[in-house]
2 protein chains.
Amino acid sequence: MTRQRMVILEELRKVNTHPSADEIYEMVRKRLPRVSLGTIYRNLEILSGSGEIQKLDSGSSLKRFDGRADCHHHIRCERCDRLADIFFDPGVDLNSRVRDFTDFSVIGHKLEFVGVCPDCRRSSEAGLHAARNLPTD
Amino acid sequence: MTRQRMVILEELRKVNTHPSADEIYEMVRKRLPRVSLGTIYRNLEILSGSGEIQKLDSGSSLKRFDGRADCHHHIRCERCDRLADIFFDPGVDLNSRVRDFTDFSVIGHKLEFVGVCPDCRRSSEAGLHAARNLPTD
DNA sequence: TTTGCTGCAAATCCTTTGCAGAGGT
DNA sequence: ACCTCTGCAAAGGATTTGCAGCAAA
């Protein structure tokens, strides 16, 4: 565990914003100004390989990282691409249910919700109201 | 609907392998040798925008496309990255269940299973047997 | 001393875009 | 003629990699 790897892990654990590699680079750079992007990528790969963080693939093109390694789900804002954690139990064992419908051996699943975040909802309402000259309250 | 767009759609509907843009390019090229990769990307974007096909994001880095537009799920092989359709009903309305756990407005969700496909299972067993000099039956 | 990790820069991969010309209505 | 689409080639963004030096065991 090098200093660089430690700082990356610490910075990632500090936030709940699911930053991209580039955003993590900026965060880490404040503490280690000479760190390189390559090191960020290499360590994010190592850390997610060893299960200390999670790499989040789905949705948009660029990958995001999650400092929490425990099982939880996410919801992505369709408009601004922001990701938020969701701690919720679907109440069904999807993995065992799906076994009858596939000839793959089932290991797990990824469940990502899609929606609109409060900020984007607000700004689109504001936009509508402005367009129609209506009060915003 | 240009000839190019039509051929792309036809080729995609022929298979159930969820090809990448590049693989679709190769398929289409057999019928339209002068087609360009840019045209493939542009039309895949248009077709998925109009709901005639689906763009599949999650999992690996490169995007895959699905000629079936009706609602179904997928399972991805961890080893070879192959995708297969799963037609199965989780039996719960996940969208309404999750509403209590988020301040986003919920629109939908993506559910992707992860597993090992029959081929990879077979070859890893073969590998194990070979390594240990055991019979493969 | 050996092994693994770093910073740097170049390379790679996938995808998007600008542009001039072709095609269809 | 008009508008959309195409092929081509170049640009773009995100990520990976080669390499020589550095750091810690």
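Proteins come first, then strands; the chains are lettered A, B, ... in the order of their sequence lines, and each starts at number 1. Just so it is clear, the model here is predicted, and its values are computed rather than measured.
Rounded to an integer number of Å, the gap from CD1 of B:I40 to C1' of D:dT6 is 11 Å. A straight line from CD1 of B:I8 to C1' of D:dT6 spans 11 Å, rounded to a whole angstrom. Residue B:Y25 contributes atom OH, which lies 13 Å from atom C1' of D:dT6 at whole-angstrom precision. Distance CG (B:L44) to C1' (C:dT17): 16 Å, rounded to an integer number of Å. Rounded to a whole Å, the CE atom of A:M6 is 20 Å from the P atom of C:dG4. A straight line from CE of B:M1 to C1' of D:dC5 spans 13 Å, rounded to a whole angstrom.
With sequence neighbours left out, the ring-ring contact (aromatic ring centres under 6.0 Å, His included) criterion links B:F101 to A:F88. Residues forming a side-chain hydrogen bond (donor to acceptor under 3.5 Å, both in side chains) with A:T17 (at least two apart in sequence, or on another chain): none. The side-chain hydrogen bond (donor to acceptor under 3.5 Å, both in side chains) search around A:R79 returns none, not counting sequence neighbours. Under the ring-ring contact (aromatic ring centres under 6.0 Å, His included) criterion, A:H18 pairs with A:H74, sequence neighbours left out.
Distances shown here put a side-chain N or O of A:T2 below 4.0 Å from the OP1 or OP2 atom of C:dT6. In this model, the phosphate group of C:dG7 is approached by a side-chain N or O of A:Q4 to a distance below 4.0 Å at OP1 or OP2.
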Quick one: which protein N/O atoms are closer than 3.5 Å to N/O atoms of nucleotides 10-12 of chain D? Pair and distance per line, please.
none

Protein N or O to nucleotides 13-19 of chain D N or O, pairs below 3.5 Å:
residue, atom, partner, partner atom, Å
D:dT15, OP1, A:K63, N, 3.1
D:dT15, OP2, A:Y41, OH, 2.3
D:dT15, O5', A:Y41, OH, 3.1
D:dG18, O6, A:R42, NH1, 3.4

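For B:R34, taking side-chain heavy atoms from C-beta onward, the closest of the listed nucleotides D:dT6, C:dC8, D:dG7 is D:dG7.
Looking at A:R82, its side chain never comes within 3.5 Å of a backbone N or O of A:C117 through a donor-acceptor pair. When atom types are taken as modelled, the side chain of B:R99 and the backbone of B:V106 share a donor-acceptor pair closer than 3.5 angstrom.
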Apply side-chain contact (heavy atoms from CB on, under 4.5 Å) to residues B:E26 and B:E23 and explain how you reach the verdict.
CA-CA 5 Å; B:E26 291 307 327; B:E23 288 164 343; 5.7 Å; no
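For A:R68 and A:D85, the salt-bridge test fails: no basic side-chain N is under 4.0 Å from an acidic carboxylate O.
Under the side chain to side chain contact (heavy atoms under 4.5 Å, CB included) rule, B:L83 has a single partner from B:L56, B:I75, B:N16, B:D66, which is B:L56.
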